[in-house]
Structure formats: C-alpha cells, structure tokens
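Just so you know, these numbers use all the heavy atoms, side chains as well, and skip hydrogens, waters and symmetry mates. Start at 1 and go down the list; that is how both ligands and their atoms are numbered.
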Amino acid sequence: MLVEKNKIASHNDSLLSAHKRKFDFSASEIPNIDAILQKIIDFNIAIPSWALGTGGTRFGRFSGTGEPRSLEEKMEDVGLLHALNQSSGAISLHIPWDIPENYTAIKKLASDYGLQFDAVNSNTFQDQSNQVLSYKFGSLQHVNKSVRKQAIDHNIEVIKHGVELGSKALTVWLSDGSTFPGQLNFRKAFQNTLESLEEIYGALPNDWKMFVEYKCCEPNFYSMTVGDWGQSLLYANKLGDKAATLVDLGHHLPNANIEQIVALLLMEGKLGGFHFNDSKYGDDDLTVGSMKPYQLFLIFNELVEGMDARGMNHAKDLGWMIDASHNVKDPLEDLLQSVEAIQIAYAQALLVDRKALVLAQDNNDVATAQEILQDTFRTDVRSIVAEARLRTGGALNPIQFFRSEKVRAQLTKDRGSKSVATGL
Ligand code: LRH
Ligand code: MN
C-alpha cells in the first residue's frame with residue numbers, strides 16, 4: 001500500500017496553521033534552529049523486520065490483522081512508516097526469519113520505498129526444522145565443537161546475505177548461558193564463545209562491523225555468556241577494531257545506569273549501536289520512551305556530548321535501531337511512536353547548553369547542572385520534530401494520518417485478518 005503524497009499534503013494543510021504557531025514560538029527560542037533541524041532530518045532509525053506483527057508472550061498471543069506475510073510485505077510496512085515520518089529509512093533483517101529469495105528484486109523494492117538494509121541479525125537461539133544439532137545448551141559456547149561449528153557457519157551465511165543486500169554490520173545476540181549453578185564452566189564458555197566469534201570475525205568484509213549484543217537474563221536465568229556491557233566489551237576488545245558493543249535498553253539489570261555505560265563505551269570507541277525500546281521490569285520490548293523518557297533523554301545527552309567529543313557523525317557513526325515486540329497495540333502505530341520518542345530525546349539533547357553545564361560541573365554547582373538538564377527535558381520540541389517531517393515530505397501527525405486514512409483496514413483488506421508475520 002503506497003501512501004500518496006497528495007494525501008499527506010492535504011493532511012498537513014489541515015494542521016499547518018496550528019503547527020506553524022507552535023513551531024514559530026519554539027524556533028524563536030533557538031538561535032541555531034536550522035542546524036538542529038538538519039541534524040534531526042539526517043537522523044534515521046532502522047526498523048526491525050521482526051516487530052511488524054503481533055508478538056505475544058508465553059501466556060498468549062492476541063493476533064492483529066493485516067500482518068505482513070512475507071519479507072516483501074514487511075518492507076511495504078517499513079516503507080509506509082518512512083513515508084509518514086521520513087526517519088525510518090532502514091530495515092534490520094533477522095535470519096532465517098527473513099531470508100531474501102531474490103536479492104535483486106528485494107533491493108529494487110528497498111529503493112522504491114527509500115530503504116537501506118541496516119545490520120543483519122543471526123539466530124542461534126532457536127532450532128530450525130532442518131537443523132542437525134540443537135542449541136538447547138547454547139551455540140557458540142557449546143561444549144560440543146560440532147554445535148559451535150554449526151552456529152559459526154550460520155553466522156557466516158548471515159554475513160553473505162547481508163553482503164548481497166548492501167548491509168554493513170552483523171548483530172550477534174546469544175541466548176547462551178546457564179539456568180542453574182554448576183551447569184556451566186564460565187571460563188570455558190567464554191573461551192569457546194570468543195574462539196567462535198573470532199572465526200565469524202574473520203569472515204567479515206573489511207568495511208563491516210560486528211555488534212556484540214549483551215543481555216543480563218532470559219532465556220537463561222542463572223548466567224548469560226554475554227551478560228553485561230563489561231563482558232561484551234571484553235569480547236569486542238579481544239576481537240578487534242571491527243567489533244563493538246550493542247546496547248539494547250531492555251537488557252540491563254534493574255536500575256542500571258545505562259547513560260553512564262553509554263558514556264564509557266563511547267569514550268572507549270567501542271559503542272557500536274542501539275536496540276531502542278523501553279521496559280518497567282524485564283526485557284519488555286515496549287514503546288521507546290513509554291516508561292522512562294528521562295532516562296532516554298539522559299542517554300542521548302551522553303551520546304551528543306560523547307560523539308561531539310570524538311568528532312563523530314551523529315547520523316552515520318553508530319547503529320540506530322529499534323527492537324520491540326507488540327502485544328496490545330498496532331505494530332505500526334507503536335513503531336511510529338517509538339521513532340517520535342527517539343527524535344524528541346535527540347532534539348532535546350541537541351538543545352542542552354553544554355558550556356553552562358561544564359561550568360556548573362567544574363564549580364560543583366549541582367543544582368544548576370540539574371536545572372540545565374531538566375529544563376531542556378521539559379522543553380516541548382514536538383513542533384521541531386514535526387517541522388523536520390514537514391520539510392522532508394512527511395506527515396505532521398503520522399498516527400493521525402494512519403488512523404484517518406484507515407491504513408490498517410486497507411492492509412487487512414489486502415492481506416486478510418489471519419495473516420501472521422514471522423518474528424517475535
Ligand atoms: C534478544 C533480542 C535480540 C534479537 C531478539 C529478537 O532479546 O533483543 O536483539 O535477536 O531480541
Ligand atoms: Mn535486541
């Protein structure tokens with residue numbers, strides 16, 4: 001389903017005067033507004049191919065309708081998001097859930113929708129029907145060398161798919177670990193995993209990155225073999241320059257100071273990218289900014305400060321991806337909200353008065369330092385993010401457009417009410 005440009009234009013016309021009033025006020029307070037707008041316009045977030053349907057939990061799955069039945073329909077959905085917010089210009093594939101049958105056709109489709117292929121994800125956390133050896137007791141850590149070889153070969157195959165599509169990174173998330181004390185020798189598990197990752201690393205093209213994604217817990221509940229940022233950094237340092245850590249916001253122990261982790265990984269030049277989502281308890285994979293918006297702002301505050309300190313290009317030098325799962329909301333509405341929340345946090349972080357903050361920090365003026373951050377966080381930048389969409393042909397209010405144009409009803413008419421998307 002293509003979104004007609006004229007429909008977006010009439011939608012924007014209906015909202016323009018109210019928008020202009022808000023934007024003109026916000027812009028009047030920001031001397032370098034055009035530079036800020038350009039940064040927001042350049043900032044794209046990749047959409048996970050596995051989050052375009054209804055996920056569900058072990059207790060149940062309440063299916064939505066009109067879900068994508070193929071990789072082509074998943075790209076249609078991401079193309080739709082990108083048409084509405086002009087900031088979702090990339091899709092991150094998960095193999096084998098999304099194996100492209102015809103690379104040329106898929107790449108053509110991607111360019112039709114204005115999409116790039118972001119990091120490709122391997123999957124050694126499930127046993128596929130045609131698989132010889134099981135990953136029940138892990139994959140790259142496994143005590144059995146043949147299981148490790150099977151998992152290494154799978155990751156190398158994923159790189160090959162990515163090369164064909166023009167992707168430039170492999171994300172490795174391992175469910176490996178143990179569920180009971182005594183089950184695993186931590187040192188051997190680390191060594192096996194490192195040796196296996198070294199073989200995969202060796203298969204990376206020169207201009208590729210390997211993102212090592214860590215996670216504290218689930219599906220193993222005693223230890224995870226890439227369990228936190230320290231372990232991920234150990235692997236990334238031992239592997240080499242093409243390896244970096246990947247921070248999934250939902251993968252931390254309760255109350256972890258993620259913004260401090262981000263600041264230090266960035267300082268070390270070993271922060272590769274993000275899986276943005278939000279959570280209240282575990283790896284809930286909820287809408288970005290829906291539970292802890294201040295934490296999201298503080299993370300972007302460290303990102304802007306740290307990336308500028310290293311002269312990095314905000315839009316290109318890190319992997320910006322969402323990783324979510326939807327149980328009670330329309331997946332596309334949820335993803336539109338998540339992209340908006342990320343852009344709002346980034347825009348606010350760009351507005352922080354860095355000179356004043358450094359001065360307050362150097363004078364141990366705690367209250368002023370707090371006020372500088374909280375004042376910016378309490379600054380309404382929604383009209384600035386909307387203006388970025390308006391200037392790039394997007395919709396001023398994507399969810400309102402999605403609803404008023406009855407997009408889900410149209411997708412359900414095309415795909416049926418029983419279609420189920422692969423993924424989580
Ligand atoms: C693991 C994870 C990982 C993906 C999976 C879909 O929790 O965050 O990034 O492979 O979700
Ligand atoms: Mn993730």
Side-chain angles (χ1 to χ4, degrees), residues 45-58 61 71 74 90-99 118-128 135 138-141 151 154-155 157-159 161-162 167 169-177 193 197 200 209-221 223-229 231-232 235 244-253 256 258 261-262 265 271-279 281-288 296 299 318-327 331 334-335 338 342 421-424:
I45 299 117
I47 305 295
S49 64
W50 60 90
L52 296 162
T54 306
T57 72
R58 59 185 169 157
R61 179 182 176 282
L71 177 53
K74 288 185 176 190
I91 183 170
S92 180
L93 300 190
H94 219 298
I95 308 289
W97 292 333
D98 309 301
I99 292 186
D118 206 301
V120 283
N121 300 263
S122 60
N123 177 344
T124 58
F125 50 83
Q126 294 171 327
D127 288 346
Q128 308 305 322
Y135 295 134
S139 60
L140 302 186
Q141 78 169 21
H154 164 68
N155 277 276
E157 189 206 331
V158 173
I159 293 170
H161 286 302
S167 171
L170 167 71
T171 295
V172 179
W173 171 66
L174 301 172
S175 59
D176 294 26
T193 303
L197 286 172
I200 299 166
K209 284 270 183 198
M210 176 195 280
F211 297 148
V212 181
E213 183 176 2
Y214 59 87
K215 184 174 183 179
C216 64
C217 25
E218 188 213 30
N220 275 296
F221 298 107
S223 76
M224 294 285 279
T225 301
V226 189
D228 63 21
W229 70 284
Q231 294 170 50
S232 174
Y235 288 112
T245 62
L246 188 141
V247 178
D248 184 314
L249 302 193
H251 288 187
H252 299 82
L253 293 169
I258 303 176
I261 293 170
V262 166
L265 289 173
L271 177 63
F274 288 86
H275 277 179
F276 290 111
N277 47 54
D278 210 338
S279 52
Y281 303 106
D283 186 19
D284 311 339
D285 280 343
L286 300 174
T287 323
V288 181
L296 184 68
I299 289 170
L318 288 180
W320 309 110
M321 295 164 276
I322 288 171
D323 183 354
S325 178
H326 321 286
N327 301 322
D334 196 302
L335 290 163
S338 283
I342 293 167
T422 55
L424 282 184

Would you call Leu335 and Ile322 a side-chain contact if the rule is heavy atoms closer than 4.5 Å?
yes
Is Asn121 touching ligand 1 with its side chain, its backbone, both, or neither, if touching means heavy atoms under 4.0 Å apart?
neither
Under a plain distance cut-off of 3.5 Å, with no hydrogens placed, do Asp176 and Thr193 share a side-chain donor-acceptor pair?
no
Under-4.0 Å salt bridge between Lys215 and Asp248
no
Does any N or O atom in Asp248 lie less than 3.5 angstrom from one in ligand 1, N or O only?
yes
Evaluate Leu318 against Trp320 for side-chain contact (heavy atoms from CB on, under 4.5 Å), listing each step before the verdict.
CA-CA 6 Å; Leu318 288 180; Trp320 309 110; 3.8 Å; yes
Could you list which atoms of ligand 1 come closer than 4.0 Å to a heavy atom of Trp50?
6 (C)
Is a side-chain donor or acceptor of Asp284 paired with a backbone partner of Gly282 at a separation under 3.5 angstrom?
yes
So, is Ser122 polar-close to ligand 1, with some N/O to N/O distance under 3.5 Å?
no
If we only count heavy atoms from C-beta on, is the Ser122 to His161 side-chain gap below 4.5 Å?
no
Counting from 1 in the order shown, the ligand 1 atoms closer than 4.0 Å to a non-hydrogen atom of Asp283 are 7 (O)
Contact atoms of ligand 1, heavy-atom distance to His275 under 4.0 Å
9 (O)
Identify, by atom number and element, the atoms of ligand 1 in contact range of Phe125, meaning under 4.0 Å from any of its heavy atoms.
10 (O)
Atom of Asp248 nearest the Mn ion (ligand 2) (restricted to N/O/S, atom name only):
OD2
Within 2.8 Å of the Mn ion (ligand 2), is there any N, O or S atom belonging to His275?
yes
For atom 10 (O) of ligand 1, the closest protein heavy atom turns out to be His94 NE2, 2.8 Å
Please check this pair: side chain of Asn220 against backbone of Ser223, looking for a donor-acceptor N/O pair closer than 3.5 Å.
no
Would His94 and Phe125 count as a close aromatic pair, with their ring centres under 6.0 Å?
yes
Among all protein heavy atoms, pick the one closest to atom 11 (O) of ligand 1 and tell me residue, atom and distance.
Asp323 OD2, 3.2 Å
Atom 9 (O) of ligand 1: closest protein heavy atom, distance to 0.1 Å, is Glu213 OE1, 2.7 Å
Asp323, N/O/S atom nearest the Mn ion (ligand 2)
OD2
When you compare ligand 1 with Asp285, is there at least one nitrogen or oxygen pair between them that comes in under 3.5 angstrom?
no
The answer for which part of Glu218 has a heavy atom under 4.0 Å from ligand 1 is neither
Considering only heavy atoms from C-beta outward, does the side chain of Val158 approach that of Asn123 to under 4.5 Å?
no
Nearest neighbour in protein (non-hydrogen) for atom 6 (C) of ligand 1
Leu424 CD1, 3.2 Å
Below 4.0 angstrom from a heavy atom of Lys215, which ligand 1 atoms are there? Numbered from 1 as shown, please.
7 (O)
Do Val247 and His252 have side chains that get closer than 4.5 Å, going by heavy atoms?
yes
Any side-chain heavy-atom pair of Asp323 and Phe274 under 4.5 Å
no
Using a cut-off of strictly less than 2.8 Å, determine whether Glu213 has an N/O/S atom near the Mn ion (ligand 2).
yes
